[in-house]
Amino acid sequence: MLELALGIILGCCALGAGMAMIAGIGPGIGEGSAVASACEAIGRQPESKGQVTSTMLMGCAIAETTGLYALVIAILLLFVAPKILVGVLLAAL
């Protein structure tokens, strides 16, 4: 019974970490779209290159935080949560 509970805890933590890393797809798509739009804007009005580039970089930095949060959550689920959950399980027995 204990082995099954430990397996479920570890499996769910790994599954949750994998699902958290799916959030890395969003920033990649968003940043690619932002850069494509910025290149198009610079191509149409080259004199606005500085403003477009600085706005694009700020937007990409903000979008990247979503991926970094997902990475932090995945690392916590892989390395911290199993120890805490196994401790709770053993304390309950």
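All values derive from a computational prediction rather than experimental measurement.
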* Do you know the tightest heavy-atom contact between Gly16 and Leu77? -> C-CD1, 3.5 Å
* Asked: So which heavy atom on Ala34 is nearest to which on Met56, and how close?
  -> O-CG, 4.1 Å
* Structure fact -> Hits for side chain to side chain contact (heavy atoms under 4.5 Å, CB included) against Ile8, two or more places apart or cross-chain, chain-then-number order -> Leu4, Cys12
* List for me each residue that meets side chain to side chain contact (heavy atoms under 4.5 Å, CB included) alongside Ala63, sequence neighbours excluded, and say none if there are none. => Glu31
* Leu15: partners by side chain to side chain contact (heavy atoms under 4.5 Å, CB included), with sequence neighbours left out -> Met19
* Asked: Of the non-hydrogen atoms in Ala70 and Ala23, which two are nearest, and what is the gap between them?
  -> CB-CB, 3.6 Å
* Asked: Of all residues at least two apart in sequence or in a different chain, which pass the side chain to side chain contact (heavy atoms under 4.5 Å, CB included) check with Leu2?
  -> Leu6, Leu89, Leu90, Leu93
* Find the distance between CG (Leu68) and CD1 (Ile73) and round it off to the nearest 0.5 Å. => 11.0 Å
* Asked: Is there a path from Val72 to Leu78 through hydrophobic residues (I, L, V, M, F, W, Y) whose side chains come within less than 4.5 Å of each other?
  -> no
* Asked: Applying side chain to side chain donor-acceptor pair (under 3.5 Å), which residue pairs with at least one partner in residues 40-59 are found, sequence neighbours left out?
  -> Glu40-Arg44
* Do the side chains of Phe79 and Leu10 join up, straight or via other hydrophobic residues, at under 4.5 Å, putting them in one cluster? -> no
* Asked: At their closest point, which heavy atom of Val52 faces which heavy atom of Ile42, and how far apart are they?
  -> CG1-CG1, 3.9 Å
* side chain to side chain donor-acceptor pair (under 3.5 Å) contacts touching residues 56-79 (sequence neighbours left out) -> none
* So, do Leu85 and Cys13 sit near enough that their side-chain heavy atoms are less than 4.5 Å apart? -> yes
